[in-house]
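Some notes on the structure that comes next.
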Amino acid sequence: MIEIKNLTKRFGGLTAINNISFHVAHGEILGFLGPNGAGKTTTIRILTGFFPPTSGSAKVDGLDVFDDSLEVRKRLGYLPENVPLYNDMRVSSYLGFAASLKGVPKERGEKEVDRVINTCGLQPVRDRFIGKISKGFRQRVGIAQAIIGDPDVLILDEPTVGLDPKQIIEIRELIRSFSGQKTVILSSHILPEVSMTCGRVVIINEGRIVAEDTPENLTGKDSSRVMLEIEGPDKEIVEKLRTLHGVTNVSVDAYPGGGSSRYTVEMEKGKDVRGLLAQSVVESGWRLLEMRSSKPSLEDVFIRLVTEEVE
Amino acid sequence: MAVVRRELYVYFSSPIAYVVLTIFLLLCGYFFYSAFAYFSIVSMQTMRMPYAAGINVNEMVLEPLFSNMSVIMLLVMPLLTMRLFAEEKRSGTLELILSYPVREIELLLGKFAACLLVFCLMLALTGLYPLLILIYAKPDIGPIITAYLGLFLLGSAFIALGIMVSSTTENQIIAAAISFGALLMFWLIGWGQSFAGSGLGKILVHLSLLEHFDRFTKGLIDTRDIVYYISFSLFFLFLTLRSLESKRWRG
Ligand SMILES: Nc1ncnc2c1ncn2[C@@H]1O[C@H](COP(=O)(O)OP(=O)(O)OP(=O)(O)O)[C@@H](O)[C@H]1O
Ligand SMILES: [Mg+2]
């Protein structure tokens, strides 16, 4: 459905995105992840025809976003970063305005506005001014205008930024409900959000794609870890554990009090050193209070990928 | 069209249209009143002295009124056009709207038409003053009609230039200031005639917004004047379109 090939965009001397390629299948929700300034918005703006790429191409439904801009825009619903909306209009009349600009026939316009108001849970604010509603509702109005006219493709640039946890979950549910019907690109730097809503993740950093996979595979690929809580002298413990075969790194995470410390032990891939760890702790006369293996979160993967790139 | 409706809504839901309308009407009213008061004194005197005939309400009241109106328009029109694109660029709503399947030209013409409608309302309200004269005196109707045609054409030219400036900046104040400066320059450019050579001088006079307007107040319709205003407007609308489209160019 969306096909991005060797896309590059330069602003003067600055290369915002550098030769990126990926695709999104019909009905898929793709997470587009990256730290600030990675080039997410730049990529999205090329897709929506806001500016052309320096080189490379982007296609939606087989149509080039630059050459067939108007046709592509008929298929797109877009929620820009920071949700730019007309603060001086009421929610329902704004949505009516969006509907008519998107070519929804007049006689269906009102129905369409009612539909998106219901889908996005906007009934309580439908007659209020957009400038006067809460951020959560504002974000929903943003999504509502994107889905008005029922476009096949949705492009959402950080749709949950600045919302409270409850709102985040609700918006996430809303986005997830599009799965299978619409092709969605969801840009974010909030990882749990992406791992919970998206079938696949593209991670971009400094204009380049650093990873592309399902959230499960991304976290599974990483070396696994063990969390330990041990009572004893922490310097010695760290030194001792480091010498064990198969351990790559040991760090102290926290001091929960009562003379014990929490450690994270990273292991080589495919090795299970838990038995070895327990044995050596007990043999040294320290007290093992807790041990559990933990899979790295997407956050860890993300941070690792992003910092690796910098090094 | 949705864009026209929205722009009209914005004009009248914010104070800007009311403020501009009021200022315009008050200033015109003041000029009208002073010219008319002077006229009645003079005509009273002429009644006592029948031999000093030949005073004319068109020349004494209406012509100055219309040229004063054009100067006031110079001052207030930038206030009507400054917001049109600058504000949408600043708030980012232009990006969203351009992601909709609308052509830039539809957006541009929508905004132009909305502004033109507000301006027509403004002109229509000033029609009160010539109507008052009709009650007390017998002016020629012809020059009044041509003057309004001239004001309308002049207004469209002002709007076209104002929109163009508004599309190049994100700051409304800057948009207003630059449009005012540019309009003033086009207004006075004919003065350059005195020091420019005769060839260049002719061109300068021809470019002047003021020069073409004078004839309308005297009841003269010259196709060249009409063509001038229309091409002036089209030229600036075309530039706006280019400036809107420019970011879509490959580069
Ligand atoms: N119009 C522009 N002119 C010049 N530089 C730009 C422009 N837009 C973006 N950039 C630069 O391009 C780089 C990528 O920016 P972009 O907005 O795409 O990042 P992002 O991934 O969306 O970041 P964020 O998470 O902060 O939104 C940044 O270094 C930014 O400064
Ligand atoms: Mg961004």
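Predicted model, so just to flag it, every value in this text is computed and none were measured. Just so it is clear: chains get the letters A, B, ... in the order the sequence lines come, proteins before strands, and each one is counted from 1. No hydrogens, no waters, no symmetry mates; every other heavy atom, side chains included, goes into these values.
With hydrogens and angles disregarded, no donor-acceptor distance shorter than 3.5 Å links the side chain of Y78(A) to the backbone of D157(A). At distances below 3.5 Å, not a single donor-acceptor pair connects side-chain atoms of S92(A) with backbone N or O atoms of D127(A). In this structure a side-chain-to-backbone donor-acceptor pair under 3.5 Å is missing from T197(A) to R172(A).
Residues Y148(B) and F216(B) keep their aromatic ring centres 6.0 Å or farther apart.
Sorted by first and then second residue, the ring pair (Phe, Tyr, Trp, His ring centres under 6.0 Å) pairs with a member in residues 10-32 of chain A read F11(A)-F51(A), F22(A)-F32(A); sequence neighbours excluded.
The neighbour count for Y9(B) OH, taken as heavy atoms of other residues, nucleotides or ligands under 6.0 Å away, is above 12. Applying the 6.0 Å contact sphere to CD of Q123(A) captures more than 12 heavy atoms from other residues, nucleotides or ligands.
Heavy atoms only, all atoms of each residue included: N205(A) and P35(A) are closest at OD1-CG, 3.2 Å. Contact between L96(B) and P84(A) at its shortest, heavy atoms only, is CD2-O, 3.4 Å.
Contacts of E88(B) with chain A are made by side-chain atoms alone, with heavy-atom separations under 4.5 Å and no backbone atom involved. For L107(B), no part lies near chain A; criterion is any non-hydrogen pair under 4.5 Å. Using a 4.5 Å cut-off between heavy atoms, S91(B) touches chain A through its backbone atoms (N, CA, C, O) alone.
Between K40(A) and E81(A), none of the side-chain N atoms (NZ, or NE/NH1/NH2) sits under 4.0 Å from a carboxylate O, so this pair counts as no salt bridge. With respect to the salt-bridge test (charged N to carboxylate O, under 4.0 angstrom), the residues E7(B) and R83(B) qualify. Between D88(A) and R6(B), at least one side-chain nitrogen of the basic residue sits less than 4.0 Å from a carboxylate oxygen of the acidic one, meeting the salt-bridge criterion.
In this structure, a donor-acceptor pair under 3.5 Å is present between the side chains of S167(B) and S243(B).
You'll find the side chain of F236(B) reaches within 4.5 Å of the side chain of L239(B), heavy atoms only.
Scanning residues 93-106 of chain A against chain B with a 4.5 Å heavy-atom cutoff picks out Y94(A), F97(A), A98(A), S100(A), L101(A), K102(A), K106(A), ordered by number. Interface residues of residues 129-151 of chain A toward chain B, defined by a heavy-atom distance below 4.5 Å and sorted by number: F129(A), Q145(A). Proximity to chain A among residues 10-18 of chain B is limited to V10(B), judged by heavy-atom separations below 4.5 angstrom.
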